[in-house]
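Below: one structure, written as structure tokens.
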Amino acid sequence: MSLGTNPFSWSTDIPISGTVGSLSLTRKNGSTIPVGNLTNEIEILLPRLEAAEANSTLLDLGNYSTLIINVTAPNVSLVLRLQPSEDVQLHLLMGYQEYPNSTNHVAQTLLPLPDSPPGEEYTWVLGPESLAGGSGEYYLLVRPVVEAGVNSTNVSVSISTIAAQCLYWDEIEAGWNGQGCRVGPRTTPTLTQCLCTHLTFFGSSFFVMPNTVDVSRTAELFATFADNPVVVCFVGSIFLLYLVVVIWARRKDILDSAKVKITVLQDNDPLAQYRYMLTISTGHRRGASTTAQVTATLLGTEGESEPHHLADPEKPVFERGGMDMFLLTTPFSLGELQSIRLWHDNSGSQPSWYVNKVMAQDLETGQKWQFLCNSWLAVDMGDFVLDKSFPVASEMDLKRFSNLFFMKTAKDFRDGHIWFSVVSRPPNSTFTRVQRVSCCFSLLLCTMLTSIMFWGVPNDPSEQKMDLGQIEFTWQQVMIGIQSSIIMFPINLLIVTIFRNTRPRDRKPTKCLKFKSRKQGKTGRVSPSAPASPQSMRREVTPDAIVKDIKRIAQSLSKAIKSPIPQLNEADFSKTADINTLLSLVEEIIQQQNQTSSEFYSNSCKKEGHLLLTLGSVNLQESSPCGSPVAAEEPQRRSDYSQYLHRQLQHLERELELLGPEHFPEHGHAQALQQVQGMKGLLESQLSSSSSVSGDALEAGDGGRSSCCKGGLPWWFVFVGWLLVAATSGVSAYFTMMYGLTYGLDRSVSWLISMVVSFFESLFITQPIKVLGFAAFFALVLKKVDQEEYGDVPIEGGLSEGSDVVLSARRDSTCSFYQPPPPTDIERMRSNMIKEQKVFALIREILAYMGFLWMLLLVAYGQRDPNAYFLTRHIQQSFSNGVPSTLSHKDVFSWANTTLLDSLFGEYPGFITDGNSKLLGGARIRQVRVRKESCSIAGAMRQSVPDCHAPYSWEVEDTDSYGPGWNHTNIPPDPSPNASLASPTPSPWQYQSQSKLRAHLVWGSLVLYRGGGFVADLGPDRESARSTLQHLFDSTWLDMFTRAVFVEFTVYNANVNLFCIVTIILETTAVGAFQYRSELQSVRLYQSTGGMHIFVMASEVIYFLFILYYMFEQAKLMKQQKWAYFRSKWNLLELAIIILSWSALSVFIKRTLLGNRDMEYYQNHQDQFASFHETAEADAVLGYLIAFLVLLATVKLWHLLRLNPKLHMITATLQRAWTDISGFLTVMTIMFLAYSIASNLMFGWKLYSYRTLMEAAQTMVSLQLGIFNYEEVLDYNPVLGAFLIGTCIVFMTFVVVNLFISVILVAFSQEQLHHKPSEEEEIVDLMLLKLCSLLGIKCKKDEKDGGQESDHTATASKAALPISVSHTQL
């Protein structure tokens, strides 16, 4: 393996400037063969990337034979290569800092060396051991060895000196070493020969050793901070970011702590003890949260709960992605839950609600039921319902792939994923956001440390690669990953585990909600919440209130026995208000049910298939004829309801005591108390028999409460976690900075870029894929329903038994949210919602289109400059000064020599006219001709007229080449097609094609001319132009065959930043006279550099963002409407705007490319004519496209204002009258065409206004508008002119046009009579009401359609006010 750069660049002790090579030998199995202590040296040739300087010196051994060599580096080898002029033996002596002699020298040798390979006889290699002095000056003495008696010699020798080193990387010392290697004699300035007795290799150990860092150099490395601040600053910024995020996380934790509670519903019956906990999860979809009043009802096999309003006055509920827990009480068990019914009143600003799932838990038995909802309760989304029942999910439903996959994915992202859970952490989790942020901080620093430790570790080239398809890796890479994981993950996993499993510190007594089944010996339950202040719950006791309480007891009895009671259905029961009578009926019901209790329970035991939770009647007996497990639990169920009924009677007794005997007839009050006390006595035996069981249950409950909160680690373990976070973060940050300072600036930047890219790739790509993959595996293979447990949640509010005060009613049954909204109200709310959505959609559409139109106008006027008109006007007047209406050939040359040259070459060199416009390149004059005998002569005139020359057409255009004077002699050769544009200019007598001239078609007043012709360049100054024109005039360049002359040039005015492409046209119709005409096109190729340029560019970008938005909207509409999309004219208008916009963009790009091309041509050929005609054409097309865009966009305003009643009536009028209008249009077209043809035939050969059919049609249109020159027609022919004008005015103006207007007026009057207000007009009225309400303006609705309908609407609005109040506000 060969490396061009030093892979161990951090080792700066020895500079390595040459190639670094690695050589190793491996066995077949891939293991490395260690090579060392060889008897024969291994030759290694290393090329030098930069050739070393070879100092060559020629010594004359007869006169001067000493050479001074300056060695600049220690421990180098010196290669001396000698080339004597003759084969002679040489004696070389080397001295250090002094001249050597036979006795005083550091090294000597005799050359040529014996037994040396060819070419190396006169090469002397001095190693570092021979150059003992190190760096400095060495003196080389060269003596020829001659025979005795010879005193001099004529031998000369050329000496080349090369300094080189051969080093290898010592892994043990972590540095370069030269032991066992030496520089060979074949070393040249471009190649180093190394002779070694061993081979170096890397990765011989099982573990990959990371890069080392010297801790003792801490102060020294931090002193180099100014040279390499990258890693230190990055680590410091991470610490600062951590502090900021911790502050944010702490605030979010405080907000989350307020959400972590079980809300005891305020409308719970304080006398009911049976308890359910509802856990409702709101979805994560956009707009999933709700502001409406939500109500829930549980339905079980043993009954149905009362509707409960799910609300918490202390915290918001049903937020997006939130989970709310409510405590709901019932007088008795509902048995096996079958469904839950949810509805809301559609109130608030965001009433739509997406409920994800609901879990109901029986806190008495610990049984749980799951309800998979995944539905919208909204009038504008989903099934368009506000009231829906959700059945209990079966085990198959829970283990369905979709449920398991989405449940696992949501849980892993919200709680399991350490990074994402910082934002979406469940409020119930004891793993706080601050702790999660700290774990992320520690993990990031550890990741940085392991990454920088192994960054740049050299790869062992001998190691075999393992591949898995397209993925290749080595064992070294695997070991680096394993070692990084061993260093990084255990400590961070320990920190996360400690934080997750540490119990919160008990600061005050709390109650746990972890309950087990009574079968497991745990019967503890949470008592109902009593009011916070009994005095606040007192109310004035009245007979009516006592009557209501008695009726409530009777109704609860009916629910308990699950069968209607005849006495309760009697009309006198509902109408009577006598307290004693009602109490007698209740007492009779209880006594009758107790007498039939044995048969009742026997019948209920016959039910099969599921666990029965029937309470039965209020039977005081504890035995049951059934021996099933259900019968064994019946006493406890009867005890539950007996206690509830006992509390009701006790409450009724207190009310009677407070009421007093004054509201009763004689002995009535005492009788009522006696009746209540008698019913209580029937229940007291049951309560006393179950008191021991209840006591045991309470003890078990207390024991459970004392032990249920002891799961997990002690609270003080959190300090261990924080200590580990601080230790790992500090150590990782310190060593990361040390490595960064050691590596140097370039290597640190490379590592940092790699680290950041790898981190974000892992965070946003790899880890989410892992989560999704694991969730899919979990749902497909394991199929385990994961229970969400986040620790114990305290119940907010007191949990105590009732007191001696009289409790007021907790439920106001008159509240609207206790009844689900009827279907008629839902339909009305949906209709109102749809109208409001249309209103807001219309407002958004209008505002968006106003922005779109504004951007379009900015783009349109940004491409045009008002100065263009003044520039073209000035140039036109300058070159047309003194031009007569017709010109002869001589007049053309006179105009060219005077006006043209004076204007073209102004007083400032290189500028035209007054010196404000720069002439780009030169100007050229071009003519088009016709061939001789291009037309046929009438037979009678052939003898008088010898020749005929037709007007110009493409068929008769002359494209031949001529010599001077239009002779066919001395014709210059045609230029080669491959000749460059810089070749000499062709002769003006030689035809050149349009492509070669880079010209374009020209629309003249008479005909369309080609871009080719005979061309003469006028030159760069006035003198050359004048001589060219004189030569053309003398040679009769213009003659009878000339049909048009064009003068073309381009100017640039820097004052207004405009290019102007000028074409002056002199054309004739073969009558011999030329007519002057000019065409000028202004183009802005360079945008201005001021602030307006940035503003226009921003407008262009925003405009095309609007176009992309409209493309998306039209694509959705096309997908919905299919082929019906193309039948709407407004859809076609939108499509045309989109197509024209992209066409304009493509033309804009083309114009830019053409402009750059033409400017490049001008820069390379500044002395030639530079044609900008293609650029000007592209700019003109761009202008036309933008103009049509503005036109269509303005027409679209009609569609946006379609909801305006007046415009709607105009549109309806035109639709109603379209049949008659189309007929009149046909008649008008026929008559208009007839008069246009007649006037052209009558006056076209004489009058200018009628010279062509198009001109005649324009004159007829002007006649209808009153713009007409009567005199020219009457002067030409008074009779025919008067007849033609008079009949045209009578038939066209007085008859047809007035009938056309009458048709429209009749249709308008009919539309007014039969106009029906549309839904769109109601939307407009609603929009105006919204705007007036927003601005605080009182506006009165127009009631001219009928007061009865308005009254009905007002009544309906008032009725819907409690439900749809949120939709009457912006």
Side-chain angles (χ1 to χ4, degrees), residues 3 5-17 20 73-75 165 167-178 202-203 205 207-243 438 440-459 476 479-480 483-488 491-492 723-759:
L3 301 175
T5 59
N6 180 17
F8 310 101
S9 57
W10 63 88
S11 178
T12 58
D13 297 337
I14 300 177
I16 303 298
S17 59
V20 177
N75 299 322
Q165 280 182 298
L167 305 173
Y168 75 95
W169 181 256
D170 191 344
E171 296 179 353
I172 299 176
E173 299 294 336
W176 293 100
N177 197 337
F202 306 106
S205 174
F207 291 101
V208 179
M209 297 304 296
N211 298 319
T212 58
V213 63
D214 191 356
V215 181
S216 61
R217 298 177 57 200
T218 301
E220 177 185 351
L221 291 175
F222 275 95
T224 63
F225 169 77
D227 299 328
N228 180 21
V230 176
V231 177
V232 177
C233 291
F234 184 69
V235 173
S237 63
I238 291 178
F239 272 88
L240 292 178
L241 181 63
Y242 168 70
L243 294 178
S438 301
C440 293
F441 175 68
S442 173
L443 181 62
L444 176 60
L445 291 176
C446 289
T447 305
M448 292 170 56
L449 175 60
T450 55
S451 173
I452 202 170
M453 283 172 59
F454 294 99
W455 174 257
V457 173
N459 294 325
Q476 179 179 350
M479 287 307 303
I480 289 176
Q483 291 174 222
S484 300
S485 302
I486 293 174
I487 296 172
M488 176 176 56
I491 184 65
N492 287 279
L723 181 62
L724 292 176
V725 167
T728 55
S729 302
V731 171
S732 301
Y734 168 73
F735 279 101
T736 301
M737 292 186 291
M738 290 290 291
Y739 274 110
L741 294 172
T742 303
Y743 286 172
L745 180 60
D746 294 339
R747 197 159 178 238
S748 297
V749 172
S750 301
W751 167 79
L752 185 59
I753 295 174
S754 174
M755 170 65 197
V756 172
V757 172
S758 175
F759 171 74

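Here, residue 1 is the first one in the sequence, and each next residue gets the next number. Please read these numbers as outputs of a predicted model, since none were measured by experiment. The figures here come from the full heavy-atom set of this structure, side chains too, leaving out hydrogens, waters and symmetry mates.
- With values rounded to the nearest 0.5 angstrom, Ile452 atom CD1 is found 8.5 Å from Arg747 atom CZ.
- Residues satisfying the ring-ring contact (aromatic ring centres under 6.0 Å, His included) criterion with Phe441, sequence neighbours excluded, are Phe239, Tyr242.
- Atom CG of Leu240 sits about 10.5 Å away from atom SG of Cys233, to the nearest 0.5 Å.
- For the atom pair OG of Ser442 and CG of Leu724, the computed distance is 8.5 Å after rounding to the nearest 0.5 Å.
- Judged as a side chain to side chain donor-acceptor pair (under 3.5 Å), and not counting sequence neighbours, Ser750 has no contacts.
- Smallest separation of non-hydrogen atoms from Met737 and Val231: CA-CG1, 4.1 Å.
- Under the ring-ring contact (aromatic ring centres under 6.0 Å, His included) criterion, Phe222 pairs with no residue at all, not counting sequence neighbours.
- Taking each heavy atom of Ala733 and Val235 in turn, the nearest pair found is CB-CG1, 3.8 Å.
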**Request:** Evaluate side-chain contact (heavy atoms from CB on, under 4.5 Å) for Tyr739 paired with Leu449, printing each intermediate quantity in order.
**Result:** CA-CA 9 Å; Tyr739 274 110; Leu449 175 60; 4.2 Å; yes

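- In terms of heavy atoms, Asn228 sits closest to Gly740 at ND2-O, 2.6 Å.
- The shortest heavy-atom contact between Asn492 and Leu443 is OD1-N, 3.3 Å.
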**Request:** Evaluate the side-chain contact (heavy atoms from CB on, under 4.5 Å) criterion for residues Phe234 and Leu752: first the C-alpha distance (whole Å), next the side-chain angles of each, then the deciding distance (0.1 Å), finally the verdict.
**Result:** CA-CA 9 Å; Phe234 184 69; Leu752 185 59; 3.5 Å; yes

**Request:** Show your working on side-chain contact (heavy atoms from CB on, under 4.5 Å) between Trp751 and Met448 and close with a plain yes or no.
**Result:** CA-CA 10 Å; Trp751 167 79; Met448 292 170 56; 3.9 Å; yes

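- Here OG of Ser732 is found 9.5 Å from CG of Leu444. Values are rounded to the nearest 0.5 Å.
- Remark: Met755 CE to Thr450 OG1 distance equals 7.5 Å, nearest 0.5 Å.
- Remark: Ile238 CD1 to Ser729 OG distance equals 10.5 Å, nearest 0.5 Å.
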**Asked** Given the rule in the side-chain contact (heavy atoms from CB on, under 4.5 Å) test, do Leu445 and Thr736 qualify, once you have shown the distances and angles that lead to the verdict?
**Response** CA-CA 8 Å; Leu445 291 176; Thr736 301; 5.8 Å; no

